[in-house]
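A short write-up of the structure that comes next.
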Amino acid sequence: MRVKLPAAILLLWAAAAVLAGALGLDPDRIRLELILAPPWEAGWLGYDDLGRPLLDRVIAGARTSFWVALWVVSLSAVAGTLIGSISGYLGGKVDRVVVHVIDIFLAFPGILLAIALAGILGPGIGNVVIALSLVGWVGFARLARAQVLSLKQREHVAAAIALGSRRRRIILRHLIPLLSAPLIVEATFGVASIVIAEAGLSFLGLGVQPPAASWGSMIRDGTRYLLVAPHMVLVPGLAMLLVVLAVNLLGDRLRDRMDVRLR
Amino acid sequence: MSECNHGSNNSRRMTDKLLTVRDLQVRFGEGEGAVRAVDGVSFAIDRGETLALLGESGCGKSMTALALLRLLPQPVGHIAGGQVLLEGQDLLALPEMRMRQVRGGRIAMIFQEPMTSLNPVMTVGRQIGEVLAAHKGLKGRAARARSVELLGLVGIPDAGRRVDEYPHQLSGGMKQRVMIAMALAGEPDLLIADEPTTALDVTIQAQVLELMRDIQRETGMAMLLITHDLGVVAGMADRVAVMYAGQLVEQASRADFFTEPRHPYSRKLFAALPDMDKRDRPLTVIPGTVPTLDQSFHACRFADRCASAWRTCHEVEPAWLEEADGRGVRCHLYDPAHPNPPAAGSEAEPDRLAARSAAPRDLLEVSRLKVHFPIHKGLFKRTVGHVYAVDDVDIHIPTGRTLALVGESGCGKTTVGKAILQLLRPTAGSVRFDGDELTRLRGEALRRRRREFQIIFQDPFSSMNPRMQVGDIIEEGMVAQGLVPDAGARRQRVEELLEQVGLRPEHARRYPHEFSGGQRQRICVARALAVEPRLIICDEPTSALDVSVQAQILNLLKRLQLELDLAYLFITHNISVVAYLADRVAVMYLGRIVEEGPVDRVLTDPQHPYTRALLSAVPRIDTDTGREVIRLEGDIPSPSNPPTGCHFHPRCPQAMERCRQAYPDRFERGSEHWARCWLLE
């Protein structure tokens, strides 16, 4: 139960994202006679203020949030891990600079920074990915650096240095494989926060542009009709809630399995 | 089968019995696959007596101790049968409430690791106070006064102040004393000491063992001493019980045991000990490994590893054979019911090792080596002082020879090794390897040079990457140095190396966690050998291993030295290993070498008072009573603030006025043997 239901939700999310193109969706078709029609009157999930089908739009929004989350987490995990482990391993001046940069990034509320960056870069889904990745790498870098600081004291690292292994090989073969467990846990929780952040940026109009669909922009469109057509907010809102909840539940589970200290 | 130690005809001794254990069974898990960690152990301890439970790791000796107190790890471990009688009362039948009064009150226990056995956020006084409150009903002022008294009893100076300190403010030896004070607080009848000095330095070990003997004499408390160290047994025990694979295999008085051990396993344990007399031949090893305990045995558990085993041993389980004087053994050799072996498999004398070429030239020359670590403090991390980890060390090692660097923890011996390898950059001094100055080499040039000097670490568990296969681990140096570019040839070389260190070629595709400690250490040796080095720095390579496994690794190192003309810098605190392996010895104290010379001269005729104290503190198996331990007071001072003059003077029994003022010069005593001590002037 604790694993199966969240896993099913996430599978559905991923399937919707991958198969959205093949489903023959029509998220932009306007049917003027069905404007603001609630779910019990027409369609599966009703229609929005322009007479577009919410089911199609929610699936299209799933696709947006899934790919944004995937890209942002991959980019920031790779960049953050590399920066963090190199900085931790080299130490000295490089490390001091990196630590200061991380501190500065952490001093800003992440979403504000992302808003500012997205604002500078201009609206668009590609820019959302860039903005969120620029904020997201910091967490991975900090975690990777802390792990490397303790791992590099291990004797197998000293043995590798004594054998004449190059730094690149030591970082890639002796350090990063050993810190994957906490990073995978961090990445899982990262997915949840990215889904929310993307929705937030889209809500503010900095993400996908009309008429393309995103859960965030759907919620924004719905707020104006909250009292007459609450389903416009509830449908994308519930979709997001389910995904974030599922990710967090699975993340907890994963952390319990990977964290040896809890065994 | 008379499992009980003494016959019932001996009624006087029956009344002396404090603890009687009968047929104790400890299991881990349930059903067929259950591990029988302790399988039918019986012994008894008289009042005031010390019984040593001797055995290698995994034989079940700690589990026996924990079972006595019903402290087995829950929920997997449980007592499956037997009796534990404390003055006739069966502890296994007591309700948990009553058992709590026994623990700490009638039976107290001290553990191996004083660092983790004390609560770091409670003062020493409060921790002792807890025991006093639970068992003696003492609280407040009375408890504090008694705590101070107890700390004084265990030899902690300035006990009135120490009672308010936290564990991290105390040294390792002090912490173990506090543990003993806590154990004594309940005035127990029996003290169970589980490897009480294994984590301590040898001079501190001598202090703690002497303290335990003194306290036992004063209080008449009995002791169950669990250890793997024959030397500790020789110095402490009244009787000895040897454990193997969950069973007792021999029990005897100390004198009987050390003059004539009966069981083949006991005899092998003695033979595997390194010492000076065995230098010119390989040590005796016990082949094979301890059988896993998740099976039921229908033969002798030691038969597969026993040189004297014959057919009966593989077919019939040996019974416990008891003699009148409480001596017993579990071996068919002593059983009149079984015909003796056709020809008692006489153990072939191991081949003598070939003699070595004479007068080689120096491979490594270290002079005036210094490694100082800055201490940063305060908001701006200003340097407020230095830790003088290594201060003016000279070392010479010729090709194919072994220099042992001996000293207690914190003396800087590991730092010397790392500084030679340039894993730590020295603060000052020179490290010349085959004529080239290593301290000046940087980057690629140093990296290339690294194949000529390698290191083997103490802990075979953390010195290998757990995510890499053994083959990749061994191959690493060859890849890094570009030695064998062809992958197929490299694999073949890995297989050769595995065979050279006594492992099998197919092991290359396994992961480190699938191997035992001794096997892992062999893999580490193979990894170092892969780059064909000329010098190997061995940093305590056997101190995490059992005696029989240690013998295997020492044999391997000795054989490889002869075959490959390797030079070793052998960093250790184990004097008997030094005696067996080293050509020269350097003794280190607080960052400096205080004495150096040929191994036979330094060990038989030590010049420096510290060397003398160190050698006398080593527990020895020859139980000659004439030997006197030179007891060193106090702990090793901090290397960040070494004493003025001779660093050793605050602990030195022969310190003079001059020692407080000036660091001693080097005084020669015969050729190539010198010490830094004003006494030699």
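Proteins come first, then strands; the chains are lettered A, B, ... in the order of their sequence lines, and each starts at number 1.
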Check against side chain to side chain contact (heavy atoms under 4.5 Å, CB included), A:Leu175 and A:Tyr89: CA-CA 9 Å; A:Leu175 294 173; A:Tyr89 183 70; 3.6 Å; yes
Heavy-atom pairs under 4.5 Å with chain A - which of [options] has more of them than the others?
options                                : value
B:Ser462, B:Pro466, B:Ala528           : B:Ser462
B:Val479, B:Asp539, B:Asn465           : B:Asn465
B:Pro533, B:Gly477, B:Ala530, B:Cys524 : B:Gly477

Check: B:Leu364 main-chain N/O paired with B:Arg432 side-chain donor or acceptor under 3.5 Å: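 Between the backbone of B:Leu364 and the side chain of B:Arg432 there is no qualifying donor-acceptor contact (under 3.5 Å).
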For B:Val531, is there any backbone N or O sitting under 3.5 Å from a side-chain donor or acceptor partner on B:Arg451? yes
Please classify the contact of [X] with chain A as side chain, backbone, both or neither, using a heavy-atom distance under 4.5 Å.
X        : answer
B:Asp459 : both
B:Glu476 : both
B:Met468 : side chain
B:Arg527 : both
B:Glu444 : side chain

Determine the option with the most heavy-atom pairs under 4.5 angstrom with chain B, choosing from A:His174, A:Arg173, A:Arg154. A:His174
Member of B:Arg490, B:Arg510, B:Arg509, B:Arg491 meeting the salt bridge (Lys or Arg N to Asp or Glu O under 4.0 Å) criterion with B:Asp472: B:Arg491
Side chain proximity check, B:Met464 to B:Ile523, heavy atoms < 4.5 angstrom: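 They are in side-chain contact.
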Residue pair A:Trp137 / A:Leu75, side-chain heavy-atom distance below 4.5 Å: no
Please report the interatomic distance CD1(A:Ile184) to CD(A:Glu186), rounded to the nearest 0.5 Å. 12.0 Å
